Amino acid sequence: MIKFLDLHKINTRFEPKLQEKFQQFLDSGHYILGNEVAKFETNFAKYCGTKHCIGTANGLDALILIFKAYVHLGKLQFGDEVIVPANTYIASILSIIHAGLKPVLVEPDEQTFNISPKEIEKNITNKTKAILAVHLYGQLADMEAIQSIAKKNYLLVVEDAAQAHGAVANSKSLQAGNLSDAAAFSFYPSKNLGCLGDGGAVTTNDSELANCIAMMRNYGSSNKNVNDIIGLNSRLDELQAAFLNIKLELLDADNSKRRAIAKQYLSEIKNEKMRLPFYNGSDNHVFHVFVVRVAKRDLFIEHLNAHGIGWLIHYPTAPHQQKALSEYKDLSYPLTEDIHKTILSIPISPVMTDEEVKQVIYVINHY
């Protein structure tokens, strides 16, 4: 059996360092917002090329805090519209709602599955104040086109970089997290940079925004028992930060291994029933997942199961068809709906062996 993602095998590589770091953490007696969080915030800001990184409890909170902070600073108002891809994970949309803003769902680009700049332009109204660009599956959205639209229409741009740690823009050599006004990351265990629990972060070059988020994530407090603004409790855990500091050292190497596997899939999978993902061969894709499209997905799943190949669907139900977003249920997003009916993710990870990669290719080619 080839697992879709073997997290135990991924983390076993770090086990001695993780155990050592846990003991140091235990002995320190300082378990919330200590040296490890501060160290990770410095390390990850440097990695992304931004002035600031603020650790949060998870990726959803990172997005919520960005939008809430913009509201607090007066750069957004309750009820403002935020354009977001219709085919994203629901968390992207929930963050907008939690901040008292209105999500406007638009169709993706058919080639990349990322938000379509043309659809963004078609859906801008006088209430539109921001764009949430999601780097879906690990591939950067077309940030040059999105920034051009934003500049022309005086819009904020926020990145949902939860799946794109380490992706690099082709023309400017800027990292995910440094391509917008602010970006949100998730360090959920399955991410390219994953901790051993929940974790997230905001990156930005806006010092005012960073200071606001740093207070807001900690009850709105600038100093202990001094609460300046209405805040939350959404702090990156000290232990998870310690683990992330260790794992960050291998992120680029792991991303390179993912790209190498992706290139092998793209060159050696020869099955007309499959539509393989678009990839231009650059570092703008870190292949958080490798997503294929297949018309009769249930039959393909039966084939994979019969031959011991793991799989997942990212994601089986489009957000506007979820009960939680029932106000959108009567809207039509035909491309989004077709994507969600036909996509399937096959195994890709930095710890896959050559034999496992070849076996996946063999099984798919014999479907």
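What you are looking at is a predicted structure, and each value in this text was computed from that prediction instead of being measured.
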Check against side-chain contact (heavy atoms from CB on, under 4.5 Å), Ser349 and Asp6: CA-CA 8 Å; Ser349 88; Asp6 191 337; 5.9 Å; no
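- Separation of atoms CD (Gln139) and CG (Asn280) is listed at 7.0 Å; rounding is to 0.5 Å.
- Shown here for Phe113 and Pro108, the closest heavy-atom pair between the two residues is O-CB, 3.4 Å.
- Leu196 places none of its side-chain heavy atoms less than 4.5 Å from the side chain of Pro189.
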For Thr56 and Leu236: C-alpha separation, side-chain torsions, deciding distance, then whether side-chain contact (heavy atoms from CB on, under 4.5 Å) applies. CA-CA 4 Å; Thr56 64; Leu236 177 61; 5.8 Å; no
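- The distance from atom OG of Ser256 to atom CG of Asp254, rounded to the nearest 0.5 Å, is 8.5 Å.
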Kindly determine whether Phe243 and Asn11 satisfy side-chain contact (heavy atoms from CB on, under 4.5 Å), including the steps that lead there. CA-CA 10 Å; Phe243 293 162; Asn11 289 312; over 6 Å; no
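- Asn192 is linked by a side chain to side chain donor-acceptor pair (under 3.5 Å) to Asn255, His288, counting only residues two or more places apart in sequence or in another chain.
- Here Lys358 does not pair with Glu355 in a salt bridge; the nearest charged N to carboxylate O distance is not below 4.0 Å.
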Applying side-chain contact (heavy atoms from CB on, under 4.5 Å), run through Phe287 and Tyr279 and close with a yes or a no. CA-CA 10 Å; Phe287 288 96; Tyr279 176 44; 3.6 Å; yes
Full working for salt bridge (Lys or Arg N to Asp or Glu O under 4.0 Å) between Asp338 and Arg293: CA-CA 10 Å; Asp338 186 63; Arg293 287 179 75 180; 2.2 Å; yes
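- Contact of the Ile120 side chain with the Ile131 side chain is registered, since non-hydrogen atoms from C-beta on lie closer than 4.5 Å.
- In this structure, His30 and Leu33 approach most closely via the heavy-atom pair NE2-O, 3.7 Å.
- The 12-atom threshold is not exceeded at NZ of Lys3, counting heavy atoms of other residues, nucleotides or ligands nearer than 6.0 Å.
- The local environment of OH in Tyr31 is crowded, with over 12 non-hydrogen atoms from other residues, nucleotides or ligands closer than 6.0 Å.
- Between the His135 side chain and the Ala141 main chain, a donor and an acceptor come within less than 3.5 Å of each other.
- Evaluated for a side-chain contact (heavy atoms from CB on, under 4.5 Å) with Ile93, the options Leu105, Val82, Leu63 yield exactly one hit, Leu105.
- Classification of Asp80 and Lys102 as a salt-bridged pair fails, no side-chain N sitting under 4.0 Å from a carboxylate O.
- Side-chain atoms of Glu121 do not come within 3.5 Å of backbone N or O of Ile149 as any donor-acceptor pair.
- No side-chain donor-acceptor contact under 3.5 Å links Asp160 to the backbone of Ala133.
- To the nearest 0.5 Å, the span separating OG1 on Thr112 from CZ on Phe278 amounts to 7.5 Å.
- Panel note: side chain Asn58, backbone Ala201; no donor-acceptor pair is recorded below 3.5 Å.
- The two atoms that bring His366 and His303 nearest to each other are O-CE1, 3.4 Å, heavy atoms only.
- Checked by atom type and distance alone, the side chain of Glu238 pairs as donor or acceptor with a backbone atom of Val37 at under 3.5 Å.
- Considering Arg217, Lys51, Arg235 as possible partners of Glu41, the one that fulfils the salt bridge (Lys or Arg N to Asp or Glu O under 4.0 Å) test is Arg217.
- When the side chains of ILVMFWY residues are joined at heavy-atom separations under 4.5 Å, either directly or via intervening members, Val157 and Val202 end up in two distinct hydrophobic clusters.
- A side-chain donor-acceptor contact under 3.5 Å links Gln147 to the backbone of Leu179.
- Counting heavy atoms of neighbouring residues, nucleotides and ligands inside a 6.0 Å radius, atom NZ of Lys46 does not exceed 12 of them.
- With rounding to the nearest 0.5 angstrom, the OG atom of Ser116 is 9.0 Å from the CD atom of Glu107.
- You'll find the side chain of Thr128 reaches within 4.5 Å of the side chain of Ile83, heavy atoms only.
- The shortest heavy-atom contact between Leu136 and Gln163 is C-OE1, 3.6 Å.
- The aromatic rings of His165 and Phe185 lie tilted to each other, with the angle between the two planes from 30° to 60°.
- A donor and an acceptor atom, one from each side chain of Asp252 and Tyr47, are located under 3.5 Å apart.
- Hydrophobic clustering (ILVMFWY, side-chain heavy atoms < 4.5 Å, transitive): Leu209 and Ile96 are in one cluster.
- Residues Leu299 and Ile364 are members of one and the same hydrophobic cluster, defined by side-chain heavy-atom contacts under 4.5 angstrom among Ile, Leu, Val, Met, Phe, Trp and Tyr.
- The closest side-chain donor-acceptor pair between Tyr219 and Asn233 falls under 3.5 angstrom.
- The heavy-atom pair separating Ser221 from Lys224 by the smallest distance is OG-N, 4.0 Å.
- For Lys273 and Phe300, the positive end is not near the middle of the six-membered ring at less than 6.0 Å and at most 45° from its axis.
- Salt bridge present: Lys21 and Glu36 bring a charged side-chain N and a carboxylate O closer than 4.0 Å.
- A donor and an acceptor atom, one from each side chain of Glu337 and His320, are located under 3.5 Å apart.
- A salt bridge does not link Lys341 to Asp298: none of the charged nitrogens lies less than 4.0 Å from a carboxylate oxygen.
- Counting heavy atoms from C-beta on, the side chains of Leu132 and Ser95 come closer than 4.5 Å.
- Distance alone, capped at 3.5 Å, is enough to place a donor-acceptor pair between the Arg13 side chain and the Ile10 backbone.
- Tyr265 and Phe290 have perpendicular rings, their planes meeting at more than 60° on a 0 to 90° scale where under 30° would count as parallel.
- Each of Met215 and Ile230 belongs to its own hydrophobic cluster when Ile, Leu, Val, Met, Phe, Trp and Tyr are linked at side-chain heavy-atom distances under 4.5 angstrom.
- With hydrogens and angles disregarded, a donor-acceptor distance shorter than 3.5 Å links the side chain of Asn114 to the backbone of Leu140.
- Between the NZ atom in Lys296 and the CD atom in Glu302 there is a gap of 12.0 Å [rounded to 0.5 Å].
- To the nearest 0.5 angstrom, Ser234 atom OG is 11.5 Å from Met216 atom CE.
- Within the 4.5 Å cutoff, the side chain of Asp237 has no heavy atoms near those of the Cys195 side chain.
- Salt bridge present: Glu249 and Lys17 bring a charged side-chain N and a carboxylate O closer than 4.0 Å.
- Considering all non-hydrogen atoms of both residues, His52 and Ala45 come closest at C-CB, 3.9 Å.
- With hydrogens and angles disregarded, no donor-acceptor distance shorter than 3.5 Å links the side chain of Gln240 to the backbone of Gly199.
- Between the side chain of Asn87 and the backbone N or O of Thr336, no donor-acceptor pair lies under 3.5 Å.
- Residues Leu344 and Ile346 meet the side-chain proximity criterion, which asks for heavy atoms closer than 4.5 Å.
- Checked for salt-bridge contact, Lys75 and Asp206 meet the test: a charged N lies under 4.0 Å from a carboxylate O.
- Residues Met274 and Tyr367 have side chains in contact (heavy-atom distance under 4.5 Å, counting atoms from C-beta outward).
- Side-chain contact, Thr50 with Asn205: no donor N or O sits under 3.5 Å from an acceptor N or O.
- Counting only heavy atoms from C-beta outward, the side chains of Pro347 and Met352 approach each other to under 4.5 Å.
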